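Only a predicted model underlies this, so the values are computations on that prediction, with no experimental measurement involved. Read the numbers this way: they start at 1 and go in the same order the structure lists the ligands and their atoms. Numbering of residues begins at 1 and proceeds along the displayed sequence.
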Amino acid sequence: MKVSDRLPIHPEPYWRDTIELPEFDALENDESADVVIVGGGITGITAAYLLSKEGKEVVLLEANNLLNGTTGHTTAKITAQHGLIYDEFIQHLGKTKARLYYESQSEALEFIKQTINEKQLKSDLQTEHAILYATTKEYAVKLEKEYEAYKALHIDGELVDDIPFPIDVHNALSMKNQAQFHPLHYLKHLIQEVLDNGGRIYEKTTAVNVENSDATVVTRNDKRVTCNNVLVCSHFPFYEGMGFYSTRMHADRSYAIAAKTNTTYPGGMYLSVDQPSRSLRSATMNGEEIVIVGGESHKTGQGKDTLEHYKALQDYTEDLFENPDILYRWSAQDLITLDKLPYIGEITSTQPNVLIATGFRKWGMTNGTAAALLMRDIVMGNDNPYKRLYTPSRFYADPSLKNFLMENADVASHLIKGKLETPSTSIKNISHDEAALFKTNGQRKGAYKDNEGNVFVVDTTCTHMGCEVEWNHGDRTWDCPCHGSRFSYKGEVIEGPAEKPLQQHDHTILENITSENSGY
Ligand code: FES
């Protein structure tokens, strides 16, 4: 399948194309620090900012480049309205915990707003209402229940009949005075403050292990940073200890496009509650208004050709806005825990000096900030009202147990499926810019042919825990459905938890193989 004429050929997020970020060397020597933070997204950078401000000596390690993971691929809504969640939290966790969740997210929103306002940071911050809308009767009923939850939790919201778009909605629920911004402008300022406070930052430095006794972070090139506390902020944890995080989360992928249009945006940040998911917000690019349209969420490595998802967003944008000129497209990966609350806190009770923050369920702007605030308090020995809510060692029997079994059954099916299927085709028959699967000597291989006709062959067994990766044609990547690792078409790691590349092969190993399966 080819990229549509109206979609940009290469995926690139609007945020990263509109800012220059500082670059940092890789770690080449052993070092020591008070705190080592692994992961250069909103969580790691905010934590580095907060702790360096407290006088802690901080080292931040990033496997690739800062802000090139989920934070660089967000839609950047800063809100405590996280889809249909408060009614569910009241049912499963009780009113007190549901209210605590709302408070922690609202505090994170306030922290970002205050930091920007106090320091007068450039960030395109705008206060907006967040609005959920339902296009089916079934979800309109759910939205009514969500509104009841808002009232029970004293959340400032309103249930209305319509939204200012040509969409046939049954009802809509607003949460007042939330916000949107350009997250990389904001975080670029925090990076500078980390440096001003004496923090050290290293890019292209992959942490691979924590040595137990003395909290030493070990990197892939066998450098060591000894410290008192390790903060695992690497999206999927690079180190799990005995926390079994691989079995307690799944990865979802969603898509976004940014477009200039002739329609004036009516204000507000919108999210559909029924499927397929749709998200809307505006932004300002070089003084001109653009729209950011997101959605099409699905489990990573599963479902249809990923380009179809971009095309669905393109169609939706063309339905809503006059003459859209699509400037950017990108996709993001998010991790979802068993009970939909993030895991923030001690990685296990036996390693209290290693803290983890993960499972933000697509709401990383507030969850990442809330995580950084909580980790700061744990490291500094301060009380924090959300410590018990987010502790990774929690176990809420309902609905966790059922989900736990389902998540594992799902992972198991991918571990087995890849070993049994026998897809293959002739290498000559793959078109330019397409990929196909092969079987040779009982092993599954993936091959991608670029526009010049070069063929790149990889073993499709994920180097994390052995699931089989699937081709993502929208982004030209091999994606793992189990825990969300992503690899380039050459097999290089783009996103963990996998640390090692897919095994690469010369294309000649497939040359004599011909059989029935078609390319992707
Ligand atoms: Fe865990 Fe692939 S990401 S097996």
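- Here C467 fails the criterion, with no N, O or S atom under 2.8 Å of atom 2 (Fe) of ligand 1.
- The N, O or S atom of H464 lying closest to atom 1 (Fe) of ligand 1 is ND1.
- Within the 4.0 Å heavy-atom criterion, both parts of S485, backbone and side chain, lie near ligand 1.
- Not a single N/O/S atom of C480, whether from backbone or side chain, sits less than 2.8 Å from atom 1 (Fe) of ligand 1.
- In summary, the aromatic rings of W478 and Y448 are positioned with their centroids too far apart to meet the 6.0 Å limit.
- Electrostatic pairing of R278 and E296 counts as a salt bridge here, judged by a charged N lying under 4.0 Å from a carboxylate O.
- Side-chain atoms of D450 and N454 include a donor-acceptor pair closer than 3.5 Å.
- A cation-pi arrangement, defined by a distance under 6.0 Å to the six-membered ring centre and an angle within 45 degrees of its axis, is absent between R476 and Y489.
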